[in-house]
Amino acid sequence: GESVGLHLPTLSVQEGDNSIINCAYSNSASDYFIWYKQESGKGPQFIIDIRSNMDKRQGQRVTVLLNKTVKHLSLQIAATQPGDSAVYFCAENPNDYKLSFGAGTTVTVRA
Amino acid sequence: DTAVSQTPKYLVTQMGNDKSIKCEQNLGHDTMYWYKQDSKKFLKIMFSYNNKELIINETVPNRFSPKSPDKAHLNLHINSLELGDSAVYFCASSHPLNYGYTFGSGTRLTVV
């Protein structure tokens with residue numbers, strides 16, 4: 001099976017609140033991790049990435065945290081907006097020519 | 001300008017038929033991929049090609065045959081379609097120095 005998984009299949013969040021999406025991975029050899037957002041009817045879209053020599057990386061309204069000790073990855077979305085409703089995937093690269101994806105978390109933003 | 005484009009977007013066909021999905025990228029990437037997304041949204045790699053050469057074949061039935069005429073194109077041909085082939089198929093590409101993938105918008109294949 002795949003080595004990357006998400007803790008929760010769904011997340012409902014109030015507009016304006018912060019969202020935290022979690023992911024656990026099992027391949028210690030992976031040195032690169034990416035979060036993707038997939039909206040209905042579209043392909044996955046790159047959000048933010050992080051390499052294994054970092055613990056934290058920030059983008060615009062998003063932060064990725066990496067805990068290599070427990071093989072845990074999280075995505076934090078600040079001030080969640082209706083446009084953030086989508087399926088979110090974490091992915092890791094066990095080798096140069098492959099990304100392994102987790103099962104995805106469906107985020108629903110309540111108005 | 002679409003970075004990774006796939007055609008067709010929708011494909012409905014009968015069991016036993018043969019069909020092809022085309023993919024083109026204009027990003028100058030060296031590596032291209034096919035992923036399959038099932039009804040539970042799980043994304044699984046099928047193939048990866050680097051500079052027209054097959055790098056990964058992830059235990060995909062040999063009814064699936066990818067073809068890369070040049071590094072900007074990666075097509076997927078499927079023989080003897082089965083009900084279980086129904087899924088969304090995504091093409092993607094990446095640059096060797098930047099692992100982030102760019103995905104196409106997907107081809108929804110329905111086998112009836």
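In what follows, every chain begins at residue 1, and chains take the letters A, B, ... in the order their sequences are listed. Atoms considered below: every heavy atom in the structure, side chains included; atoms not considered: hydrogens, waters and symmetry mates.
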Classify the angle between the aromatic ring planes of Phe101(A) and Tyr36(A) as parallel (below 30°), tilted (30 to 60°) or perpendicular (above 60°). tilted
Pairwise side-chain contact, Ser105(B) with Lys9(B), heavy-atom cut-off 4.5 Å (strictly under):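 Side-chain contact under 4.5 Å: yes.
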Would you say the side chain of Gln14(B) lies within less than 4.5 Å of the side chain of Val111(B), judging by non-hydrogen atoms?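 In short, these two side chains do not touch, never coming nearer than 4.5 Å.
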[X], part contacting chain A, at a heavy-atom distance under 4.5 Å:
X        : result
Lys41(B) : both
Tyr49(B) : neither
Gln37(B) : side chain

Residues of residues 59-67 of chain B contacting chain A, heavy-atom criterion under 4.5 Å, by residue number: none
Enter the distance from Ile45(B):CD1 to Leu99(A):CG here, rounded to the nearest 0.5 Å. 7.5 Å
Quick check: Tyr33(B) with Phe103(B) (ring centres under 6.0 Å apart)?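 Centroid separation for Phe103(B) and Tyr33(B): 6.0 Å or greater.
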Checking Thr10(A) side chain against Thr106(A) main chain: does a donor-acceptor pair fall under 3.5 Å? no
Side-chain (Thr108(A)) to main-chain (Ser12(A)) donor-acceptor, under 3.5 angstrom: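 Pair absent, no side-chain N/O of Thr108(A) close to backbone of Ser12(A).
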Residue pairs passing the salt bridge (charged side-chain N to carboxylate O under 4.0 Å, His left out) test with at least one member in residues 52-65 of chain A, sequence neighbours excluded, are Asp49(A)-Arg57(A), Asp55(A)-Lys68(A), Arg61(A)-Asp84(A)
One option among Gly41(A), Gly43(A), Pro44(A) has the most heavy-atom pairs under 4.5 Å with chain B, and it is Pro44(A)
Segment of Gln45(A) engaging chain B (4.5 angstrom heavy-atom cut-off):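 Neither part.
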